[in-house]
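Right, one structure below, let's go through it.
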Amino acid sequence: MRKLFKGKVLLFMMMSLMLLLAACSSSGTGGNTDNSDTSSGDSKSSDKLVIGFSQVGAESEWRTANTKSMQDAIKAAGHELKFSDAQQKQENQIKAIRSFIAQKVDAIVFSPVVETGFETVLQEAKDAGIPVFLSDRAVDIEDDSLWVTFLGSDFVEEGRKAANWLVEETADVEGDVNIVELQGTVGSAPAIDRKEGFEEVIADHPNLKITKSQTGDFTRAKGKEVMEAFLKSDGDNIDVLYAHNDDMAIGAIQAIEEYGLKPGEDIKIIGVDAVKGAFEAMAAGKMNVTVECNPLFGPQMVDLIEAHLAGETIEKRVAVEESMYTMDQAEELLPTREY
Ligand code: AHR
């Protein structure tokens with residue numbers, strides 16, 4: 001009996017020792033269980049991180065390029081990615097963020113479908129000590145301690161650039177210039193801001209008039225469908241199409257051709273994003289201008305996450321640098337376009 005007891009004690013001690021050794025050897029890579037405070041961060045930049053990324057969807061060429069940039073950068077840095085595609089639905093994003101919190105990821109990258117309605121879930125992330133990085137789109141929430149930083153484009157400026165091009169292009173036109181507008185997803189930051197920037201500039205030019213405006217949800221199919229409706233009701237009175245992204249512009253170009261008009265000539269086409277498809281359309285003379293919205297900021301996002309978790313202070317707003325391209329530059333630049 002005593003012998004048996006001694007044996008049990010020995011076995012218990014050996015097992016405890018093994019457990020202790022296993023715990024020590026895993027602590028170097030187990031950053032995902034060590035939640036950092038969203039405001040200060042801690043020192044784990046050299047660790048392998050687990051990053052949850054809640055993406056908007058796969059609605060456009062732009063989005064596909066952005067997803068790839070983020071996936072490649074996270075992989076190249078040796079971190080682990082947990083990816084979720086929200087299919088343009090806010091409820092899917094809320095579920096994804098909750099699941100990242102439950103999995104105790106080290107950081108959440110979040111590209112919000114719409115601007116509002118995320119307070120509760122972002123508060124849950126903060127309470128769990130998981131820093132949230134806004135990617136591409138901002139949120140309209142008063143408490144800005146709910147996220148670390150917002151990395152993305154200046155959408156208002158993109159709208160201004162689009163309108164400034166049109167102001168120059170129509171400088172000699174006497175009389176009204178009728179513009180139809182294809183808006184992005186209702187309630188999304190780029191749709192709200194691109195509209196605001198564009199309207200701000202044309203407000204000083206009363207002959208530039210938006211005669212019709214509707215959402216095309218940032219997709220080619222919807223862009224085509226809405227443009228068909230615009231043409232049906234007002235076909236001979238449309239001078240310009242302002243599309244909040246290139247995919248909708250490309251869909252609309254098809255509708256214009258099917259209607260029997262020449263896109264780029266009969267109707268001037270302005271897009272946003274500067275995706276390859278837009279360059280192809282411009283090289284073919286069917287689209288006039290695209291304002292760049294650069295999706296290739298995956299490496300910049302990884303740097304920001306690592307810097308924050310290493311305890312560095314980072315800016316609350318980090319902008320992506322962008323340009324604008326016209327029809328006459330398309331052929332030369334098309335082979336160099338990365339997305
Ligand atoms: O948020 C960026 C926008 O979302 C892009 O301009 C558009 O193409 C995408 O779907």
Side-chain angles (χ1 to χ4, degrees), residues 53-70 85-90 92-93 109-116 118 133-140 147 150-163 181-198 214-224 226-227 241-253 269-281 287 289-298 300-301 317-325 337-339:
F53 177 26
S54 169
Q55 177 62 292
V56 168
E59 74 285 1
S60 61
E61 272 188 60
W62 188 98
R63 188 66 54 198
T64 313
N66 179 247
T67 299
K68 185 168 183 318
S69 172
M70 209 69 79
D85 174 340
Q87 297 175 338
Q88 297 230 66
K89 292 203 172 74
Q90 180 170 39
N92 289 346
Q93 287 205 293
V109 177
F110 168 43
S111 192
V113 177
V114 290
E115 284 191 333
T116 53
F118 289 106
F133 296 78
L134 296 178
S135 168
D136 162 40
R137 297 182 181 180
V139 285
D140 185 6
W147 70 91
F150 164 41
L151 168 64
S153 305
D154 183 340
F155 298 136
V156 178
E157 188 53 28
E158 289 170 355
R160 288 191 197 112
K161 283 183 187 166
E181 180 183 35
L182 282 172
Q183 295 183 39
T185 305
V186 176
S188 70
I192 295 167
D193 294 354
R194 285 174 187 162
K195 186 168 184 51
E196 183 189 319
F198 191 85
Q214 209 177 301
T215 181
D217 217 11
F218 281 130
T219 68
R220 275 185 202 204
K222 201 74 199 292
K224 181 169 188 267
V226 177
M227 191 68 203
L241 163 68
Y242 169 43
H244 288 189
N245 82 344
D246 291 336
D247 279 75
M248 291 190 294
I250 292 164
I253 286 172
I269 314 284
I270 307 171
V272 182
D273 278 354
V275 295
K276 262 194 191 145
F279 277 78
E280 282 159 6
M287 186 164 168
V289 65
T290 181
V291 178
E292 185 179 38
C293 179
N294 186 359
L296 308 178
F297 51 78
Q300 218 177 334
M301 180 58 88
R317 173 73 170 102
V318 184
V320 180
E321 276 194 19
E322 280 148 359
S323 184
M324 195 168 95
Y325 304 99
R337 294 305 293 165
E338 285 182 63
Y339 64 96

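These figures come from a predicted structure and were not determined experimentally. Remember, it's 1-based here, ligands and their atoms both numbered in the order they're listed. Heads up: numbering here begins at 1 and tracks the sequence.
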Query raised in the report: Got a second to check how far Asp136's CG is from Met70's CE, nearest 0.5 Å?
Result: 8.0 Å
Query raised in the report: Hey, is the main chain of Gly184 close enough, under 3.5 Å, to the side chain of Thr215 for a donor-acceptor pair?
Result: yes
**Report entry** Ligand-residue contact atoms, ligand 1 with Ser60, heavy atoms, under 4.0 Å
**Finding:** 7 (C), 8 (O), 9 (C), 10 (O)
Query - Exam field: side chain Gln90 to backbone Thr116, donor-acceptor pair closer than 3.5 Å - result: yes
Query raised in the report: Does Glu322 offer a backbone N or O that forms a donor-acceptor pair with the side chain of Glu158 under 3.5 Å?
Result: no
Query raised in the report: Is ligand 1 less than 4.0 angstrom away from at least one heavy atom of Val272?
Result: no
Query - For Pro190, the ligand 1 atoms whose distance to one of its heavy atoms is below 4.0 Å - result: 1 (O)
Query raised in the report: With backbone taken as N, CA, C and O and side chain as the heavy atoms from C-beta onward, which portion of Arg194 lies under 4.0 Å from ligand 1: side chain, backbone, both, or neither?
Result: side chain
Query - Trace of the side chain to side chain donor-acceptor pair (under 3.5 Å) decision for His244 with Glu181 - result: CA-CA 8 Å; His244 288 189; Glu181 180 183 35; 2.9 Å; yes
Report summary line: heavy-atom search around atom 5 (C) of ligand 1 in the protein gives Asp273 OD1, 3.4 Å
Query raised in the report: For ligand 1, which atoms have a heavy atom of Asp136 less than 4.0 angstrom away?
Result: 1 (O), 2 (C)
Requested in this report: Measure up the Trp62 and Phe297 rings against each other and bin them: parallel (under 30°), tilted (30 to 60°), perpendicular (over 60°).
Outcome: tilted
Requested in this report: Using non-hydrogen atoms of the residue, decide whether Asp247 is closer than 4.0 angstrom to ligand 1.
Outcome: no
Query raised in the report: In the protein, which heavy atom is nearest to atom 9 (C) of ligand 1, and how far is it?
Result: Glu59 OE2, 3.2 Å
Query raised in the report: Hey, is ligand 1 close enough to Arg137 that some N/O pair sits below 3.5 Å?
Result: yes
**Report entry** Proximity flag Glu158 to ligand 1, non-hydrogen atoms under 4.0 Å
**Finding:** no
Query - Residue from Phe133, Phe118, Trp147 passing ring pair (Phe, Tyr, Trp, His ring centres under 6.0 Å) with Phe110 - result: Phe118
Query raised in the report: Looking only at distance, does Arg63 have an N or O less than 3.5 Å from an N or O of ligand 1?
Result: yes
Query raised in the report: Quick one: does Asn92's side chain have a donor or acceptor within less than 3.5 Å of a partner on Asp85's backbone?
Result: no
